[in-house]
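Note that ligands are numbered from 1 as they come in the structure, with each ligand's atoms numbered from 1 the same way.
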Amino acid sequence: MKLLVTGAAGFIGSTYVRLVGDEHEVVVLDKLTYAGRRENLPEDIDLVVGAIEDPAVVREAMEGCDAVVNFAAESHVDRSIDDQDAFARTHVVGTGVRLDAARELGIGRYLQVSTDEVYGSIESDSFTETSPLDPSSPYSATKVAGDLLVSAHVHTYGIEASIVRGSNNYGPRQYPEKLIPLMVLNAIHGDSLPVYGDGRQVRNWLFAEDFCRGIHTVLMNGRSGEVYNVGGPDECENIEVVKRVIELTGANESLIEYVKDRPGHDRRYSLASDKLRNELGWEAQVHFAEGLECTVQWYRDNEDWWGPIRSGEYREYYEKQYGKALG
Ligand code: NAD
Ligand code: TYD
């Protein structure tokens, strides 16, 4: 198949392209925002630099493709709290533009990559695909809008589309604004480790390669109009994650600094993946202990990747977000 993969210069999209690139012809459309990096992609990839909300660019990139997989997003909750504008444009307008183009060009299959955050926070048990949508942040609210547009296009125009909702991902090439790479790089540099609130929030950790295997399974065999959850095999409190990073990097626990909580902070995410497991046979292959060790090792080995990030836009973002400079 010829696949248009949007947003593949980011963390999860680049993992996906590396997973399926030998088996399928891939075209990438990516705006190369602060989180999108050319070097995340294989050198010989067909890359179109442009925005998913630009109809002409989207049509041209999509022409001749058999399927579309959408990763393109503004992905960081804290940035959405600061300014929601790009979130609404990318998640809502961008999704609409791609869906229109897919319909007009008669694309056979459309897959929307979404998040467990659309369900909001859950104290006990796990969200299923029929749980109510109850987003808390501008990030998750605009992701909901994108998901609903996909469902509306299936219902109204009969396009072939599915939605995949993943839990918190981690792994190589994740931009260091996110919890795990932020803590790994700060620990390596002896910078303080900023834990929001009491640090007892729980996230359901999913190795990005496992998520991508789930996404590809749904693209190939999922039913149109359906949502599939892809949850990680392990849950962990943030403070435990930070302590494990400290162990793996040999840093000192005194680096932990409890800081002001995120406004509207979701307490716990947990996804049930029974539908994907029972219908399509997907199973997570990487447990958190193993995946975290391999992720820490990747950051240790890839200063070429994170060096330019830590000295660029990220420095300014960090100072604004945390009120202190990186060392
Ligand atoms: P990321 O921030 O690393 O990458 C996003 C990519 O999208 C970047 O390459 C960026 O340049 C591109 N992009 C952003 N706006 C664009 C636009 N308007 N036009 C074209 N390209 C644009 O994000 P990620 O962590 O790889 O997330 C990928 C997808 O997976 C997102 O849809 C996100 O909501 C979803 N998701 C992420 C997680 C997670 O833990 N990171 C969990 C579940 C679902
Ligand atoms: P994050 O990686 O931003 O993902 P999400 O908000 O999508 O779950 O954050 C994961 C958890 O870690 C979340 O509970 C917020 C917390 N966190 C911190 O405690 N300190 C930090 O510096 C960051 C970035 C996140």
Side chain, backbone, both or neither: His76 near ligand 2, heavy atoms under 4.0 Å
side chain
More than 12 non-hydrogen atoms from neighbouring residues, nucleotides or ligands closer than 6.0 Å to CG on Asp301, yes or no?
yes
I'd like to know if the side chain of Lys275 reaches the main chain of Val227, judged simply by a donor and an acceptor atom lying under 3.5 Å from each other, with no hydrogens or angles considered.
yes
Ligand 1 N/O to protein N/O, distances under 3.5 Å:
{"from": "ligand 1", "atom 1": "2 (O)", "to": "Ser75", "atom 2": "OG", "distance (Å)": "2.6"}
{"from": "ligand 1", "atom 1": "3 (O)", "to": "Phe11", "atom 2": "N", "distance (Å)": "3.0"}
{"from": "ligand 1", "atom 1": "7 (O)", "to": "Ala73", "atom 2": "N", "distance (Å)": "3.4"}
{"from": "ligand 1", "atom 1": "9 (O)", "to": "Gly10", "atom 2": "N", "distance (Å)": "2.9"}
{"from": "ligand 1", "atom 1": "9 (O)", "to": "Asp30", "atom 2": "OD1", "distance (Å)": "3.2"}
{"from": "ligand 1", "atom 1": "9 (O)", "to": "Asp30", "atom 2": "OD2", "distance (Å)": "2.6"}
{"from": "ligand 1", "atom 1": "11 (O)", "to": "Asp30", "atom 2": "OD1", "distance (Å)": "2.6"}
{"from": "ligand 1", "atom 1": "11 (O)", "to": "Leu32", "atom 2": "N", "distance (Å)": "3.4"}
{"from": "ligand 1", "atom 1": "11 (O)", "to": "Thr33", "atom 2": "N", "distance (Å)": "3.0"}
{"from": "ligand 1", "atom 1": "11 (O)", "to": "Thr33", "atom 2": "OG1", "distance (Å)": "3.1"}
{"from": "ligand 1", "atom 1": "18 (N)", "to": "Glu53", "atom 2": "OE1", "distance (Å)": "2.9"}
{"from": "ligand 1", "atom 1": "18 (N)", "to": "Thr90", "atom 2": "OG1", "distance (Å)": "3.2"}
{"from": "ligand 1", "atom 1": "19 (N)", "to": "Ile52", "atom 2": "N", "distance (Å)": "3.0"}
{"from": "ligand 1", "atom 1": "21 (N)", "to": "Lys31", "atom 2": "N", "distance (Å)": "3.1"}
{"from": "ligand 1", "atom 1": "23 (O)", "to": "Ser75", "atom 2": "OG", "distance (Å)": "3.3"}
{"from": "ligand 1", "atom 1": "26 (O)", "to": "Phe11", "atom 2": "N", "distance (Å)": "3.3"}
{"from": "ligand 1", "atom 1": "26 (O)", "to": "Ile12", "atom 2": "N", "distance (Å)": "2.8"}
{"from": "ligand 1", "atom 1": "32 (O)", "to": "Phe71", "atom 2": "O", "distance (Å)": "3.1"}
{"from": "ligand 1", "atom 1": "32 (O)", "to": "Lys143", "atom 2": "NZ", "distance (Å)": "2.7"}
{"from": "ligand 1", "atom 1": "34 (O)", "to": "Tyr139", "atom 2": "OH", "distance (Å)": "2.6"}
{"from": "ligand 1", "atom 1": "34 (O)", "to": "Lys143", "atom 2": "NZ", "distance (Å)": "3.0"}
{"from": "ligand 1", "atom 1": "40 (O)", "to": "Asn169", "atom 2": "N", "distance (Å)": "2.9"}

May I ask whether Tyr322 has any heavy atom positioned less than 4.0 angstrom from an atom of ligand 2?
yes
Counting only heavy atoms not in Glu279, do more than 12 sit closer than 6.0 Å to its CD atom?
yes
For ligand 2, is Gln321 a contact, meaning one of its heavy atoms is under 4.0 Å away?
no
Note: Tyr269, heavy atoms under 4.0 Å from ligand 2, region reported as side chain
Verify, without hydrogens or angle tests, whether Glu177 (side chain) and Tyr314 (backbone) share a donor-acceptor contact under 3.5 angstrom.
no
Considering both backbone and side-chain atoms of Asn168, is one of its nitrogen or oxygen atoms within less than 3.5 Å of a nitrogen or oxygen in ligand 2?
yes
Please list, in number order, the atoms of ligand 2 under 4.0 Å from a heavy atom of His265.
13 (C), 14 (O), 15 (C)
Could you grab the distance from atom CE of Met183 to atom CG of Leu179, nearest 0.5 Å is fine?
5.0 Å
